[in-house]
A.B. asks: 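This is the structure I want to talk about, given as structure tokens.
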Amino acid sequence: MCGIVGVLGDHEVAPILVEALKRLEYRGYDSAGIATVNAGRLDRRRAVGKLVNLSDLLVHDPLAGKSGIGHTRWATHGAPSIANAHPHRARRVAVVHNGIIENFRALRDELVAQGAGFESDTDTETVAHLAQVFLDQGLAPREAAERTLERLEGAFALLFLFEGEDDLMIAARKGSPLAVGHGEGEMFVGSDAIALAPLTHRITYLEEGDRAIVTRAGAQFFDDQGRPVNREIRTIEIDATRVEKGGYKHFMAKEIAEQPSVMGDALRHYISESGEIVLPGGGIDFTRVSRLTMVACGTAYLACMTAKYWIEQLAGLPVDVDIASEFRYREPPIPEGTLAVFVSQSGETADTLAALRYCADKAQRIVSVVNVPESSIARESDLALPILAGAEISVASTKGFTCQLAVLALVALEAARQRGTLDAPTLARHIEDLRSMPGRLNAALATEPRTEAIARLLSEATDVLFLGRGAMYPLALEGALKLKEISYIHAEGYASGELKHGPIALVDNTVPVIVLAPHDRLFDKTVSNMQEVMARGGKVLLVTDARGAAEAGEGVWQCLAMPEVPELFAPILYALPAQMLAYHTAVAKGTDVDQPRNLAKSVTVE
Ligand code: M6R
């Protein structure tokens, strides 16, 4: 969380910094700020709330200079306020930071004792004051930054800018991602390549522990011991149009609508014309795998939960699914023959990355399923399987989820093929079914007007329950997560058979219960659970197909009919009504759909 950017340019940088911050706003939007050096003089502007407030401020109170740094904040230490907004500065140095300085209290006490005057409640301000102490001791900026970094514990991506230094930025990475962009007589630094995309496609990613001394002539890289290191310049192609709303009111609406097309891209990438699954990089030898450990957070975790049903059922492989923040500190044993799989849209989620490193330390082969191919998780994996969803900007993950499911379904089918647990005709049928999903998703999108009408009713509720059975259970959790995340309505998902073990006490005629139930082999069981809800006055929204609606649609509060879908892949299709319901409920409530309160897209702190 928090986006940082830096520019050593050949013309005024304030507008360039603001444009780059726009592309990083998905990382946080509690406040934003920039600092520049102009004719040697360091100055800054900061504003609370969205970036637009900073843009407005700069109209009335511009900031000149061709060298600058910028920040968009997701608050960790200290409420959103001007004082807590980055850049933080001491006299001759300004810093922007993504991460958490864990020993900041001890450092702050030490600095206060030496006479430093703190303005903010943040951990970051200690970094600026510490650097100032070393500058006051007569150290040059580079040494002062180095000595400062030696004192810091925790995770950070940091950028330093110094008074009197028009041609210098110092960047450092420990735990949080950072990229250096190479221009012609200009240099850039950003939290990711998307921020720098219109400025340059020539990117160097800092490795863990790296520092970069950046001037307009280029960047020198050093490892955490201060030894010079070579870091590759890669050419990264990012389609800037994928970062635009393209006529939609919200990114979320655009990303929901894109699902048939991006899933088609992903399936074509992994399935040859003759219908064989082709995993990159030599694939995975499933004959040597005896169990899978899948680790992720949030929606990606729910994709893993869904994949567990597929992999266990199709390939006969036991699967453990873990929340990354729990996995990393539980220190679980990893038995021989375990394949560790990490799923992340951003590829930067701090807990998932830490869990990956835990497994890598145990000499595990690391497989990841990621959307951002240049992300830390992708780069630290032995095999990264891209989901090819394109840039996902809305905080609520939609196309990321369904593309994760598509790739994980292919992994399950490939495991089954290698292990001989599916005969060839059945395997070929499943692959064909998967290939048919983009068309089916289009048909599901066509139900949007009806979903929107139901969502208007849902927006009156204060509590909503989602029920699902089998592989629809993780989707019930996902439906609830999506709804609460953007509409702020309290929502819970339950396995439908579990309801009578407690949660049914919540049911009354004010609580909509959304039952996700394609007409599959578990349909009758789910319908029985639905009847139990209706018998207690619960108002049921049944999301099913034409057969399900004909059999059980009578007497329910609302019925939403989805197109037919092969049973195995129903979770992919039923994700769409869950997303559309959440989206239109949020729109009806007037919330900030793409940037819901308290959240950020990329969770790079633990
Ligand atoms: O980038 P990741 O897939 O690792 O992110 C994991 C979660 O933070 C993310 O899925 C989050 O739960 C979404 N906002 C849900 O819509």
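Note that ligands are numbered from 1 as they come in the structure, with each ligand's atoms numbered from 1 the same way. No experiment lies behind these values; they were computed from the predicted model shown.
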A.B. asks: Looking at ligand 1, does any of its N/O atoms fall within less than 3.5 Å of an N/O of T299?
C.D. replies: yes
A.B. asks: What atoms of ligand 1 come closer than 4.0 angstrom to any heavy atom of A396?
C.D. replies: 16 (O)
A.B. asks: Do E312 and K308 meet the salt-bridge criterion of a basic N to acidic O distance under 4.0 Å?
C.D. replies: yes
A.B. asks: Does T352 reach ligand 1, in the sense of a heavy atom lying below 4.0 Å from it?
C.D. replies: no
A.B. asks: Do any nitrogen or oxygen atoms of V395 come within less than 3.5 Å of a nitrogen or oxygen of ligand 1?
C.D. replies: yes
A.B. asks: With the side chain counted from C-beta on, respond yes when M437 and V565 share a heavy-atom pair under 4.5 Å apart, and no when they do not.
C.D. replies: yes
A.B. asks: How far is atom 3 (O) of ligand 1 from its nearest protein heavy atom, and which residue and atom name does that atom have?
C.D. replies: Q345 N, 2.6 Å
A.B. asks: Output all residues satisfying salt bridge (charged side-chain N to carboxylate O under 4.0 Å, His left out) with D463, sequence neighbours left out; order by chain, then residue number.
C.D. replies: none
A.B. asks: Considering only non-hydrogen protein atoms, determine which one is nearest to atom 5 (O) of ligand 1 and report residue, atom name and distance to 0.1 Å.
C.D. replies: T349 OG1, 3.5 Å
A.B. asks: Check E207 against R173 and note the closest heavy-atom contact, atom names and distance.
C.D. replies: O-CD, 3.6 Å
A.B. asks: Which of the numbered atoms in ligand 1 are under 4.0 angstrom from any heavy atom belonging to A300?
C.D. replies: 3 (O), 10 (O)
A.B. asks: Can you pull out the closest protein heavy atom to atom 16 (O) of ligand 1? Residue, atom name and distance to 0.1 Å, please.
C.D. replies: E485 OE1, 2.7 Å
A.B. asks: Among all protein heavy atoms in this structure, tell me which lies nearest to atom 7 (C) of ligand 1, with the distance rounded to 0.1 Å.
C.D. replies: C297 O, 3.7 Å
A.B. asks: Side chains of I256 and K399: does their closest heavy-atom pair fall under 4.5 Å?
C.D. replies: no
A.B. asks: Side chains of Y583 and T398: closer than 4.5 Å at any heavy-atom pair?
C.D. replies: no
A.B. asks: With nothing but distance in play, are any N or O atoms of Q404 less than 3.5 Å from an N or O of ligand 1?
C.D. replies: no
A.B. asks: What residue and atom, counting heavy atoms only, is the protein's closest point to atom 1 (O) of ligand 1, and at what distance?
C.D. replies: S346 OG, 2.7 Å
A.B. asks: When you measure from the heavy atoms of K482 to every atom of ligand 1, does any distance fall below 4.0 Å?
C.D. replies: yes
A.B. asks: Do E374 and I236 have side chains that approach each other closer than 4.5 Å (heavy atoms only, starting at C-beta)?
C.D. replies: yes
A.B. asks: Around atom 8 (O) of ligand 1, find the nearest protein heavy atom and jot down its residue, atom name and distance.
C.D. replies: V603 CG2, 3.9 Å
A.B. asks: Look at the side chain of D594 and the backbone N and O of F251, then say whether any donor-acceptor pair between them is shorter than 3.5 Å.
C.D. replies: yes
A.B. asks: Please find the pair of heavy atoms, one from Q404 and one from S344, that lie closest to each other, and give the distance.
C.D. replies: NE2-C, 3.9 Å
